[in-house]
Amino acid sequence: MKVENLVKIIGADFYTGVPDSLLRPLCDYLMNRYGIDPEHHIIGANEGNCAALAAGYHLATGKHPVVYMQNSGEGNIINPAASLLNDRVYAIPVIFIIGWRGEPGVHDEPQHVYQGTVTVRLLEDMGIQSFIIGKDTTDDQLEAVMAEFRTLLAAGKDVAFVIRKGALSCDSKVSYKNNSIMTREEIIRHIAGISGGDPVVSTTGKASRELFEIREANGQGHQRDFLTVGSMGHSSSIALGVAIHKPNAKVWCVDGDGALLMHMGSMAVVGANKPGNLVHIVINNGAHETVGGMPTVAGEIDLVGIAKACGYPWTVSVDTFEKLDRELEEAKNRNELTFIEVKCSIGARPDLGRPTTTALENKKNFMEYLKRF
C-alpha cells in the first residue's frame, strides 16, 4: 500500500511518534511533507510522551491525532492509554499506527519475538480495536475499516493499525546526515581499547552490533559485554545496578542519544547515587539511526548541562578522537561518576552483522565474568 493513500484515508493532520524501521515509508513521508513541525509532526522522546502530546492536541482542537511507533513501544503507552485516553476516563480518541516487529511466522531478532506474539493481544486488553495492514490490503478495505473506526473515535475510543513488514511503500526516501566526522563504530573501538577488561553495558541497536563485531575482530570473546538488544533507554540503569553491586569493577555504559532521551529520568537516579566506578558515555548523532535516521532533539539540547544538573560530578563533551582518548583515559583512572558526550556522524557499514550468540548466552557469560570482581 502507498503510504500517501494510508495518510489520505486516515485524514489526520497531526502525527507524533517514535521512528520504526517497518514504518520507514511513513516516517519518510512525514519528513518530506512536514519535516519537524510542531503543528503537524513531532518526534517524541518515548511513546507515552507521544500519547500525551496527542491528548493535548485533541484537547486543543477536537481532532483525531495519530501516534506511530514500533510495537516495542506498546509498553510505554499502557499507562496513558489506560488512565488518560481510555473512554472510561477522559475518552480521548487516538489513532495508533504500530509496526509489527516479531510477527509470528516472520523471522526477526530475538528481542522482538515475544513482543510480536502479544502485540495484538495487548491492544485488545487495553480496549483498542485494531486492523492489520499487509501487502495485499486494498484502499477499499482500508476505507471501510476507517469508516468503522470513525464511529469508535467519535465515542472517545482509541483504534490501531498494525503494520506488517513490507506493507507500506513510499516513492521518496529521505537521507539524514550531520556535520560530525567521528563514526560510531570507531568511537566504540576506542572505548573497547581503553576499557580493557572492564565490563561494558551497551545500548540497543547498532552500538551493540558494532561492539560485538569489534570483539570478534579482536578475538576477545564477548563475556565482558552486556548487549542490551531490546529495552531501549534502560542501559544506564542496568549499568548502575551492576556498578553499585560490583564496586571493585569499573563499569562502562555505551549509550545513545535516542535511548537517553527515551527514559531521561534514569540520569537523575544515576546522578543521585553517584557510583564512582561508572562511566556513562552517550554517543550523540542526533538521530534514531538504527531505524532509519530520523532526528532526535539531542542536537538541540545541552546533554552535558543536564548530566551536571542531575548530579554527575564530572561531565564533558568531545568531538575529536584526541579529546575522546584523553577523557576515556582520565575516566578509567578517576574514582568518580563520569559523563562523556561524544558527537558522532550518522551512518554505519552496510555489511554490519548481528550478534551470533543468544541473549541468554550473553547473560550467562556476562554474569560469570562479573564473578571475578
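Bear in mind that the values here come from a model prediction, so they are computed numbers and not experimental data. Count residues from 1 along the sequence.
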J.: Give a yes or no on whether the ring-centroid distance for Phe339 and His280 is below 6.0 angstrom.
T.: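 Ring-ring flag for Phe339/His280: true, centres closer than 6.0 Å.
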J.: Give a yes or no on this: more than 12 heavy atoms of other residues, nucleotides or ligands lie within 6.0 Å of atom CG of Asn333.
T.: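 Enclosed: over 12 neighbouring heavy atoms sit under 6.0 Å from CG of Asn333.
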J.: Check this for me, if you would: do Arg24 and Asp28 make a salt bridge, where the nitrogen-to-carboxylate-oxygen distance has to be below 4.0 angstrom?
T.: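 A salt bridge is present here (some side-chain N lies under 4.0 Å from a carboxylate O).
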J.: Taking the side chain from Glu186 and the backbone from Thr183, do they hold a donor-acceptor pair closer than 3.5 Å?
T.: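 Not a single qualifying donor-acceptor pair exists.
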J.: Taking the side chain as every heavy atom from C-beta outward, state whether Pro19 and Ile43 have any atom pair closer than 4.5 Å.
T.: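 Pro19 vs Ile43: side chains touch.
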J.: To the nearest 0.5 Å, what is the distance between CG on Asp257 and CG on Asn284?
T.: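 CG of Asn284 is found 4.0 Å from CG of Asp257.
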J.: Examine distances only and state if a side-chain atom of Ser195 and a backbone atom of Asp198 form a donor-acceptor pair shorter than 3.5 Å.
T.: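 No; judged by distance alone, with no hydrogens or angles, the pair does not exist.
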J.: With a 4.5 Å cut-off on side-chain heavy atoms, are Asn362 and His222 touching?
T.: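 A side-chain contact under 4.5 Å is absent here.
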J.: Taking Leu227's backbone N and O only, do any of them form a donor-acceptor pair with Asp225's side chain (distance below 3.5 Å, no angle check)?
T.: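 Not a single qualifying donor-acceptor pair exists.
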J.: Does any part of the side chain of Val145, heavy atoms only, come nearer than 4.5 Å to the side chain of Val159, both counted from C-beta?
T.: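 No, side chains not in contact.
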J.: Answer yes if Val291 and Met232 sit in the same cluster of Ile, Leu, Val, Met, Phe, Trp and Tyr residues linked by side chain heavy atoms under 4.5 Å apart, and no otherwise.
T.: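 Each belongs to a different hydrophobic cluster.
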J.: Could Glu368 and Lys371 be called an ion pair, given the rule that one side-chain N must be under 4.0 Å from one carboxylate O?
T.: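 Answer for the salt bridge query: yes.
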J.: Over all heavy atoms of both residues, which pair between Phe373 and Pro199 is shortest? Give the atoms and the distance, please.
T.: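 That closest heavy-atom pairing would be CZ-CD, 3.7 Å.
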J.: Short question: side chain of Asn285, backbone of Ala287 - any donor-acceptor pair under 3.5 Å?
T.: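 Indeed, once roles are kept as given, a pair shorter than 3.5 Å links the two residues.
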J.: Any ring-ring contact (aromatic ring centres under 6.0 Å, His included) involving residues 135-170? Give me the pairs, sequence neighbours left out, ordered by first then second residue.
T.: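 The answer is Phe149-Phe161.
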J.: Roughly how far, to the nearest 0.5 Å, is the CE atom of Met294 from the NE2 atom of His41?
T.: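 So the NE2 of His41 and the CE of Met294 are separated by 4.0 Å.
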J.: Less than 4.5 Å apart, any side-chain heavy atom of Val7 and any of Leu26?
T.: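 Yes, their side chains come closer than 4.5 Å.
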J.: Do the side chains of Lys2 and Asp171 get close enough for a salt bridge, i.e. N-O under 4.0 angstrom?
T.: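 So Lys2 pairs with Asp171 through a salt bridge.
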J.: Using atom types as modelled and distance alone, determine if a side-chain donor or acceptor of Gln223 lies under 3.5 Å from a backbone N or O of Tyr369.
T.: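 No, because the side chain of Gln223 does not come within donor-acceptor range (under 3.5 Å) of the backbone of Tyr369.
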J.: Answer whether the closest heavy-atom distance between the side chains of Met31 and Pro295 falls below 4.5 Å.
T.: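 Side-chain contact under 4.5 Å: yes.
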J.: Taking the side chain as every heavy atom from C-beta outward, state whether Leu22 and Ile163 have any pair of such atoms under 4.5 Å apart.
T.: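 Result no, sub-4.5 Å side-chain heavy-atom pair not found.
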J.: Under a plain distance cut-off of 3.5 Å, with no hydrogens placed, do Tyr57 and Asp13 share a side-chain donor-acceptor pair?
T.: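 Yes, a side-chain donor-acceptor pair sits under 3.5 Å.
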J.: Indicate yes or no for a side-chain donor-acceptor contact from Arg209 to the backbone of Leu352 under 3.5 Å, with no hydrogens or angles considered.
T.: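 Between the backbone of Leu352 and the side chain of Arg209 there is a qualifying donor-acceptor contact (under 3.5 Å).
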J.: At what distance, to the nearest 0.5 angstrom, does CZ of Arg184 lie from CD1 of Ile191?
T.: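 Reported value, rounded in 0.5 Å steps: 11.0 Å.
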J.: With rounding to the nearest 0.5 angstrom, report the CZ to CD1 distance, Arg101 to Ile98.
T.: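 Here the rounded value is 14.5 Å.
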J.: When hydrophobic residues are tied together by side-chain contacts of less than 4.5 Å, even through go-betweens, does Phe14 share a cluster with Val66?
T.: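 No, because Phe14 and Val66 fall into different hydrophobic clusters, even though each may have its own neighbours under 4.5 Å.
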J.: Atom CD1 of residue position Ile244 - does it have more than 12 heavy atoms of other residues, nucleotides or ligands inside 6.0 Å?
T.: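 It does: Ile244 CD1 has more than 12 such atoms within range.
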J.: Taking Asp87 for its side chain and Lys157 for its backbone only, find out whether a donor-acceptor pair lies under 3.5 Å.
T.: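 Such a contact is absent between Asp87 side chain and Lys157 backbone.
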J.: Taking Lys246's backbone N and O only, do any of them form a donor-acceptor pair with Asn277's side chain (distance below 3.5 Å, no angle check)?
T.: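 Yes; at least one donor-acceptor contact below 3.5 Å.
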J.: Would a distance-only check, ignoring hydrogens and angles, find a side-chain to backbone donor-acceptor pair under 3.5 Å from Lys274 to Gly311?
T.: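 Such a contact is found between Lys274 side chain and Gly311 backbone.
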J.: Indicate, with yes or no, if Val254 and Met264 share a hydrophobic cluster defined by side-chain heavy-atom contacts under 4.5 Å among Ile, Leu, Val, Met, Phe, Trp and Tyr.
T.: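 Shared cluster, no.
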J.: Hey, is the main chain of Met262 close enough, under 3.5 Å, to the side chain of Asn46 for a donor-acceptor pair?
T.: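 Between the backbone of Met262 and the side chain of Asn46 there is a qualifying donor-acceptor contact (under 3.5 Å).
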J.: Less than 4.5 Å apart, side chain to side chain, heavy atoms only: is that true for Ile95 and Tyr15?
T.: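 No; the side chains remain at least 4.5 Å from each other.
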J.: Side chains of Asn76 and His263: closer than 4.5 Å at any heavy-atom pair?
T.: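 Of all side-chain heavy-atom pairs linking His263 with Asn76, at least one is under 4.5 Å.
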J.: Drop me the distance from Ser175's OG to Ile346's CD1, to the nearest 0.5 angstrom.
T.: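 These two atoms lie 10.0 Å from each other.
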J.: I'd like to know if Val318 and Phe321 are part of one continuous hydrophobic network [Ile/Leu/Val/Met/Phe/Trp/Tyr, side-chain heavy atoms within less than 4.5 Å].
T.: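 Hydrophobic grouping puts Phe321 with Val318.
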J.: Starting from the C-alpha separation in whole Å, work towards a yes-or-no answer on side-chain hydrogen bond (donor to acceptor under 3.5 Å, both in side chains) for Glu322 and Thr320.
T.: CA-CA 5 Å; Glu322 181 182 10; Thr320 67; 5.0 Å; no
J.: Roughly how far, to the nearest 0.5 Å, is the CD1 atom of Ile187 from the OG atom of Ser345?
T.: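 One gets 7.0 Å once the value is rounded to the nearest 0.5 Å.
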J.: Hey, quick one: are Ile132 and Val67 part of the same hydrophobic cluster, counting side-chain heavy atoms closer than 4.5 Å, chains of contacts allowed?
T.: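 They do share one cluster, since a chain of ILVMFWY contacts under 4.5 Å joins Ile132 to Val67.
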J.: Between Arg334 and Glu330, does at least one N-O distance fall below 4.0 Å, as a salt bridge requires?
T.: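 A salt bridge links Arg334 with Glu330.
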J.: Less than 4.0 Å between a side-chain N and a carboxylate O, is that true for Asp108 and Lys165?
T.: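 Not counted as a salt bridge, because no side-chain N and carboxylate O are separated by less than 4.0 Å.
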